[in-house]
There are 2 protein chains.
Amino acid sequence: MNQLPPLMHQFVSHFGEMGSRWGINRTVGQIYALIFVSAKPLNADDIAEALEFSRSNVSIGLKELQGWRLVKLKHLPGDRREYFEAPQDIWEIFKSLAEEKRRREVEPTLSMLRASLMETPGNAADAHAQKRMQQMHELIDLSSTWFDDVARLSPETIARLMRMGSSVKTVLDMTDKLKIVRRKNEA
Amino acid sequence: MNQLPPLMHQFVSHFGEMGSRWGINRTVGQIYALIFVSAKPLNADDIAEALEFSRSNVSIGLKELQGWRLVKLKHLPGDRREYFEAPQDIWEIFKSLAEEKRRREVEPTLSMLRASLMETPGNAADAHAQKRMQQMHELIDLSSTWFDDVARLSPETIARLMRMGSSVKTVLDMTDKLKIVRRKNEA
DNA sequence: TCGAATTTTTAGTAATTACTGAAAATGTGG
DNA sequence: CCACATTTTCAGTAATTACTAAAAATTCGA
């Protein structure tokens, strides 16, 4: 790890430190960071050597990164070993990550909430609890459906939307007015 | 905990189980869930008793929840104890959570990236790494600025935007055309 | 300011998670 | 299908994190 060039080293170390906040461990964070910034696909031994981790630790880390769909397996011609690389398109990465996060961190809660909302509360406390769960369900459902929809747009469109910032409101208001005018004209 | 009515119990247990995936621990998850679904503010003893946790564990958990700005401290007249409740407005909750997450999980990385981008790479590997960091910085910066902007909109406007789903694209295209027409007219 | 109620800190312990080296399993070219 | 290169699993250990009970500190009314 110490023979990595300075920028790579800084990036890798940072991902190691942040790992725990992001719900992955130091090792997995560093492995991903290394793969992300490397120009060429890396094999497990490359990684173990560069980061000074045991070979088995790298193996487990790579499995986890595959589970997150953050690294792609690649085979180089004339080499039996498995090589890994990160998708080139950063939007692609962002979307996989978001989808996977939703699957793991949001969907289970949505299911639980849906189930709870089907039941009939047996007392006042549960009745209130159900109302709160209803509110939570509504918000999560709305934002996660929305995310899905937006993720389907092209990166360019998404970027365009984002660059608009809060002026989307103006656009929204404008289209509402257009709709009203159209409705009047039709009448 | 077992004398909680069924819906509350289910909700609280679920938050306990999900806690670790969300980067908080079981205890903190359950404490929050209990406060969230309760009709009235709760004090630390209420919580310790309901969930069968030690008093100190509850104290630490509440501290953490305050750090996340997920619970508000409230004082009841004629009672010296501290009571806690979750904000009523679910959008408020969503925003605090997102802001806090950004502050802890995103900002440090943005800083690191910015610093790295200022430096001059000393070799080809670092030059490539810097390009990747540039891509990452661009995406994170764009989406986090955007989130800030959107968060400033009213809940109604946000909901309206979200309900549009992927048809925002149509609106975006439409406004682009309007701008072009206007530009032509002005010329 | 004293003292009881309440909260916070702390030190020790339990539980969980991360990591390693070695052994087992897998897969592939010959 | 053998031999070997490579990956995966596993059992043991290290490190971290969570939790408790008890002590200390704080707060506030009298």
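Numbered from 1 within each chain, the chains take letters A, B, ... in sequence-line order.
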When the distance from CD of A:Glu52 to P of C:dG21 is rounded to whole Å, what number comes out? 12 Å
In whole angstrom, give the distance that lies between atom CD of B:Glu64 and atom C1' of D:dA18. 11 Å
Determine whether any donor atom in the side chain of B:Ser56 lies under 3.5 Å from an acceptor atom in the base of D:dA21, or the reverse, and answer yes or no. yes
Of the candidate nucleotides D:dC19, C:dT8, D:dT7, which contains the atom at the shortest distance from the side chain of B:Glu82? C:dT8
Backbone N/O of B:Ala44 and side chain of B:Glu82: donor-acceptor pair under 3.5 Å: no
With under 30° as parallel and over 60° as perpendicular, where do the rings of B:Trp22 and B:Phe15 fit, or are they tilted in between? perpendicular
Atom-to-atom span, OH of B:Tyr83 to P of C:dA5 - whole angstrom: 15 Å
Taking 4.0 Å as the cut-off, does a side-chain nitrogen or oxygen of A:Asn57 come that near to OP1 or OP2 on C:dA18? no
Run the salt-bridge test on A:Arg102 and A:Glu99 with the 4.0 Å N-O cut-off and return the result as yes or no. no
Rounded to the nearest angstrom, tell me the gap between atom CZ in B:Arg26 and atom C1' in D:dT17. 13 Å
Sole candidate of B:Asp46, B:Val12, B:Leu62 that passes side chain to side chain contact (heavy atoms under 4.5 Å, CB included) when paired with B:Ile35: B:Leu62
Please confirm whether the shortest side-chain N or O distance from B:Ser59 to OP1 or OP2 of C:dT8 is below 4.0 Å. yes
Answer with base, sugar-phosphate or nothing: what part of the nucleic acid does B:Thr27 contact at a heavy-atom distance below 4.0 Å? sugar-phosphate
Below the 4.0 Å mark, does D:dT7 have OP1 or OP2 next to a side-chain nitrogen or oxygen of A:Arg55? yes
Take the protein atom CG of A:Leu51 and the nucleotide atom P of C:dA18, then report the distance between them rounded to whole Å. 17 Å
Can you tell me which nucleotide in D:dT7, C:dC19, D:dC19 comes closest to the side chain of A:Asn25? C:dC19
Name the closest nucleotide to the B:Asp79 side chain, picking from C:dT6, C:dT7, D:dT8. C:dT6
Interatomic distance, B:Leu62 CG vs D:dC19 P [rounded to whole Å]: 13 Å
Given atom CZ of A:Phe53 and atom C1' of D:dA14, what is their separation to the nearest angstrom? 15 Å
Linking I/L/V/M/F/W/Y whenever their side-chain heavy atoms sit closer than 4.5 Å, directly or via other members, would B:Ile93 and A:Met136 fall into one cluster? yes
Whole angstrom is fine here: how far is it from NE2 in A:His75 over to C1' in D:dT6? 10 Å
Determine the contact category for A:Arg80: base if any of its heavy atoms lies under 4.0 Å from a base atom, sugar-phosphate if only primed atoms, P, OP1 or OP2 are that close, otherwise nothing. base
Could you pick out which residue, A:Phe84 or A:Ser20, lies toward the 5' side of DNA chain D when each is mapped onto its nearest nucleotide? A:Phe84
